[in-house]
Amino acid sequence: MSRKKIAIIGGGQIGGVLTQLIAQKQLGDVVLFDIVEDLPQGKTLDIAEAARVDGYDIKISGTNSYKDIAGADLVIITAGLPRKPGMSRDDLLVTNAKIMKSVAEAVKEKAPNSIVIIISNPLDAMVTLFKNVSGFPANRVMGQAGVLDSSRFATFISWELGVSVKDINALVLGGHGDTMVPVIRYANVNGIPVMELLERKYNDKAKAKEVINAMVERTKMAGGEVVKLLKTGSAFYSPASSAIQMAQSILYDEKRLLSTCAYLNGEFGVTGYYVGVPAILGANGVEKVVEFSLNEEEQALMNNSVDAIKKLVEDMQRLGL
Ligand code: TXD
């Protein structure tokens, strides 16, 4: 079996970590593209020179020419500016939409059969734009946000309960913005509801509610918390790891059920928008959006988040982007 070809568009912070992770996991051959001259060549040379130490023998190259991504099986897009302190993800809309448009045109031409994972912000709008410009079918275009947001939520629960994060399942739905929806009711530790464990820990229902609400708020603001500390950019290790989990599920046809920014066709009552929902990822990309019942409160939060996505997409269209 020949190795898969993976193209990464945008060789900045996330692009660099993605390349290193793909190499270490030997997921396929990597081509790293950036418009900045020598940057992707320098990063890939650096990573290639660790091959003897880490023990990988995939091909790794950097380029400023789209012709080198020709025939890629999987494309991961990180091109675009990151936030600065005080900025919301939506503040990146105008700049990053222009970049995404050019990337989508190039990917359409050079890698027309690829499956695409988008990471650039504002995520929900960038995925929509890529789909519209490329004309790719919905199953081959998705965004990464929910794997990371869910991992952040799980991390905070793990710290609070003093239990390994490996045993925690915590799902975040909706848009990749301040309206995202960490689903409290289904969060569990190896099947045991997190709320029950918190109520037992504090022996006080009101206190348990206060603690979970604080974790929900921290999850929603977690990207901004990192931006504030870094001062010069946004999170990059965890977004890269999260996209790799999706990429691996696709490349190995694992059928993982992961929170994915996927195109909805009636699921969760939404038609024609990209929203963070549970989806099965396999060799055909987004193979199935998995629906489950939300109670009234959860559905209201989801609707609010979908409204924010619609507004963002409308803003983008109104600006002619
Ligand atoms: O979970 C998530 N989805 C995210 C998304 C979590 C954190 C950050 N997220 C967003 O990813 C962030 O807001 C940005 O929009 C992207 C990329 O973040 P990164 O931290 O990697 O940004 P960098 O280091 O600035 O890298 C961006 C690279 C940089 O090298 C530019 O030269 C390049 O993008 N760039 C381009 N590449 C290709 N084509 C064009 N036109 C282009 N313009 C800039």
Side-chain angles (χ1 to χ4, degrees), residues 7-21 31-44 62-66 68-69 75-85 87-107 110 116-130 133 142-153 172 174-177 180 219-247 258-262 274 276 309:
I8 298 171
I9 313 296
Q13 298 279 58
I14 299 178
V17 181
L18 280 173
T19 306
Q20 186 179 33
L21 289 172
V31 177
L32 180 65
F33 172 95
D34 203 287
I35 50 165
V36 178
E37 219 172 289
D38 292 340
L39 175 73
Q41 292 85 346
K43 282 205 179 175
T44 49
T63 183
N64 305 115
S65 167
Y66 272 116
D68 296 321
I69 73 157
V75 178
I76 308 178
I77 303 174
T78 75
L81 301 191
R83 282 194 276 175
K84 295 201 174 73
M87 279 173 94
S88 85
R89 294 177 180 90
D90 297 359
D91 294 336
L92 300 168
L93 182 65
V94 176
T95 321
N96 287 357
K98 287 182 189 145
I99 294 172
M100 187 55 64
K101 218 171 196 174
S102 69
V103 172
E105 277 157 7
V107 172
K110 304 292 183 199
V116 181
I117 301 173
I118 291 149
I119 302 183
S120 319
N121 272 326
L123 197 264
D124 311 286
M126 292 304 101
V127 183
T128 307
L129 183 61
F130 184 95
V133 173
M142 71 199 85
Q144 187 300 116
V147 172
L148 171 58
D149 297 328
S150 301
S151 177
R152 284 171 167 161
F153 191 29
V172 177
H176 185 52
M180 69 178 74
T219 301
K220 290 177 170 176
M221 299 301 155
E225 190 180 352
V226 174
V227 171
K228 202 166 162 211
L229 290 166
L230 293 182
K231 296 178 185 75
T232 55
S234 50
F236 55 101
Y237 296 109
S238 56
S241 291
S242 302
I244 289 295
Q245 188 173 59
M246 297 171 76
L258 300 173
S259 180
T260 301
C261 179
Y274 271 95
I309 293 172

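Index from 1, following the sequence. Read the numbers this way: they start at 1 and go in the same order the structure lists the ligands and their atoms. Only heavy atoms go into these numbers, but all of them, side chains included; no hydrogens, no water, no symmetry mates.
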Donor-acceptor pair, Thr260 side chain versus Leu258 backbone, under 3.5 Å?
-> yes
Taking side chain as C-beta onward, heavy atoms only, is Asn96 less than 4.5 Å from Met126?
-> yes
Sidechain-backbone polar pair: Glu225 side chain, Ala222 backbone, donor-acceptor under 3.5 Å = no
Has the side chain of Ser120 got a donor or acceptor atom that lies under 3.5 Å from a matching backbone atom of Ala79?
-> yes
Is Ser151 reaching over with its side chain to a backbone N or O of Val147, donor-acceptor style, under 3.5 angstrom?
-> no
Dump all N/O pairs between ligand 1 and the protein below 3.5 Å as a table: atom names plus distance, one pair per row.
from, atom 1, to, atom 2, distance (Å)
ligand 1, 1 (O), Gln144, NE2, 2.9
ligand 1, 3 (N), Ile119, O, 3.0
ligand 1, 3 (N), Gln144, O, 2.8
ligand 1, 9 (N), Asn121, ND2, 3.3
ligand 1, 13 (O), Asn121, ND2, 3.1
ligand 1, 15 (O), Leu81, O, 2.8
ligand 1, 15 (O), Asn96, ND2, 3.4
ligand 1, 15 (O), Asn121, N, 3.2
ligand 1, 21 (O), Gln13, N, 3.3
ligand 1, 21 (O), Ile14, N, 2.9
ligand 1, 24 (O), Gln13, N, 2.8
ligand 1, 30 (O), Gly12, N, 3.4
ligand 1, 30 (O), Asp34, OD2, 2.7
ligand 1, 32 (O), Asp34, OD1, 2.7
ligand 1, 32 (O), Asp34, OD2, 3.4
ligand 1, 34 (O), Gly80, N, 3.4

Applying salt bridge (Lys or Arg N to Asp or Glu O under 4.0 Å), name anything that partners Asp34, two or more places apart in sequence or on another chain.
-> none
